[in-house]
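I have placed the structure first, in the form of structure tokens, so that the comments after it can refer back to it.
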Amino acid sequence: MILQIARKDLKVILRDRSSLIFIFALPLVFMGVFGAAFGRSGENAKPMVVSVLVFNGDKGKHGKELIEAMRTVGLKPELDTQGSTTLTERMKKGEKPLGVIIPEDFSQKLDTATTNALDRTGKIVEARVQVLVDPAVPQVAGMAQGALSGATRSVAGTVFARQLEARFGTSPASGSQDIIALDIKKTNEGLGTELKKPRSVGDTMIPGLAVYFVFFLANGVAATLITEREQGTLRRMLSAPVSRFQILAGKMLARGLMGILQTIEMFTFGVLFMGLHLSGSIFGITVIALTTIFAATTLGMLIATMGKTLEQIQGMITLVMVVMGLISGCLMPREFLPETLQKFSYVTPHAWALTAYQDILLRDRSLLSTLPNLMMVMLFGTGFLVLALRRFRYE
Amino acid sequence: MTPSLVSVEKVKKRYGDLEAVKGVSFEIQRGEIFGLLGSNGAGKTTTISMISGTLSPSEGQVTIAGEDVSRGSLSVKRAVGVTPQDLAIYPRLTGRENLEFFGTLYGLKSTKLSRRVDEMLALVGLTESASRMAEEYSGGMKRRLNLAAGLMHSPQILLLDEPTVGVDPQSRNHIFEGVRELNGRGLTLLYTSHYMEEVQALCDRVGIMDGGELVACDTVKNLIAGMGGSVIEIGTDAPANTEPLLQELRAISSVQEVEFIPIRGGEETEKSDKDVLFASGHSPMFGTLRLRAGQPNQILAAVINLLNRENAPIHHLDIKEPNLEDVFLKLTGKSLRD
């Protein structure tokens, strides 16, 4: 009897093609995405490369040498030719975890500092480099900062060796010197001022988790639509003088309210137990939360129109949520992902919502300044809704 | 002649290559109970869905009170009430909450809504259970709630799709009485059912669907009259070779049809088995001899004499007036419960 039951169940499973796709495709997609994300842990793995915005104002050659040295320590310098002000603005928007401004007297001061050191004049001259750090991704910025230190020591060592060789005809095989100072500041703070509040684990984690879990609302929205279709109540509603939009909007509203409560719960927990600082405006956070909830619920609607059974849509939701959560930076900083995968990050509404939260909570930016990110989330939500409305019918 | 309330004109519905409804046309008059009969897959539910506007016809047109249903106008939607075959109710809401929700979909509010809910609960006999969760209801109670939900907005026509499937006799009676009462108040009903006796008892006119086509549409009386005479059923042990006996029975004046249906283990066999049995010349086989005749009383003696001559014992004898089931069987070649 067990065999007969198993045989019958196998027949049922094998005839549900969509479920089969998820049974067999889901692990492959997961393995692909996770493999790509964490693939650098193997023996043949490539080292992590962090992109750094650089403005080179230096009139001498050492600025260029510093940029070359950056490449050897795992940084990927991206030159900004517009000037230090533009670079600062771009950094404030969180474009890169680290920004470097090489001043125009960098080479001159480095040479002077090296000469003074060799002559033992006692005069202290420091070549300085301005470093801008994105407070939203402290883990990545910290790593990049360490690498940058290595690069500056390497350049200083090279300059020192050249002068030694010029004077005495000999130079050490390799060396490094600590004569380049890094003026580090976070993009949300003034240079040389004290940190307003130390960043906590809650500050860095909650925005990502808030976006990630709110998007799980899509599951509930899709499930309720499928259930209504299965139990026949959807047919009854569609035969009533109620538009498809009204049905979808009603469902979005109910789930949206749950999403608001979920967000409040997460932020409250973050403040109470994870040291989250609600430094930005509560109004701004509320607007971001509502926009994110809108995109999440409309995504649920769209998924519901793509599957016929609960099994099918749950497979889809798992696929979409985990993959989007991973590549968007909600679960771990985007910079930890390979560059190819990073490019797909902004294909997800999660990434834009996360950036908006980080702008308000970590970069101390205003709601107005992060409006483009919110517009993108709205655009995703509206797109999902339009597609859902077009596909949504009783059949 | 008053214009019909519902007009279905050459309606087709295709799903890819499959044509579920193949050019069906019929009309439903105001105040009548119109029955739609058909076995599973005949296209009844699809036709009802096109009348209710939840499905759009691939071809043809459905109008209600002269308005094209596919335009989805408010007046058409308000004119139609739907009681789907599925229990289209929310299990986690009480009976009252269910009705309140469906009432609000049609714009009912406050006192009017509350009064209408009470009225519908009373109509389907659920007043006492109104505050219980629908998931706690018996199958029959859920069916009754399903019926009430379709009536909340006082529609002009109620589409009842298999409203008595799986219900207990008490609930069936409630639904029956409810349908009659509603019709008495002037409500037009489209009623589909597997239960022929229900349709025969309730409906003024009946449409019979088979394989997506409407194969007959008339009053119950006319459909039955078209069948000819009554049916005589005799339980007997037929001789090994029945054919000569059947030939002689067919020769009796006013006999229209004769067939022998052997029964194996209490079940009627399939037609193909019958043919094998008749041809094989095995020992006598218990079965039912079925004759259709215009005046059964006049041929009964001749039939009994022939059976006596063949030493075929008579286990039971029944004379039945033809019914809708016979009509259906004749038109579609299958029993409605197939």
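Convention: sequence-line order gives letters A, B, ...; per-chain numbering from 1.
- Ion pair B:Arg185/B:Glu181 flagged as a salt bridge, since at least one NZ, NE, NH1 or NH2 atom sits closer than 4.0 Å to an Asp/Glu carboxylate oxygen.
- Both the backbone and the side chain of B:Leu105 come within contact range of chain A, each with at least one heavy atom under 4.5 Å from a heavy atom of that chain.
- Residues B:Lys13 and B:Thr46 have side chains that never bring a donor and an acceptor to within less than 3.5 angstrom of each other.
- Heavy-atom distances place the side chain of A:Glu228, and not its backbone, under 4.5 Å from chain B.
- In this model, a donor atom of one side chain and an acceptor atom of the other lie less than 3.5 Å apart for A:Arg391 and A:Thr305.
- Each of A:Leu367, A:Leu371, A:Ile282 was evaluated against A:Val287; a single residue qualifies, A:Leu367, per the side-chain contact (heavy atoms from CB on, under 4.5 Å) test.
- In terms of heavy-atom pairs under 4.5 Å with chain A, the best-connected choice from B:Pro155, B:Ser73, B:Gly53, B:Pro84 is B:Pro84.
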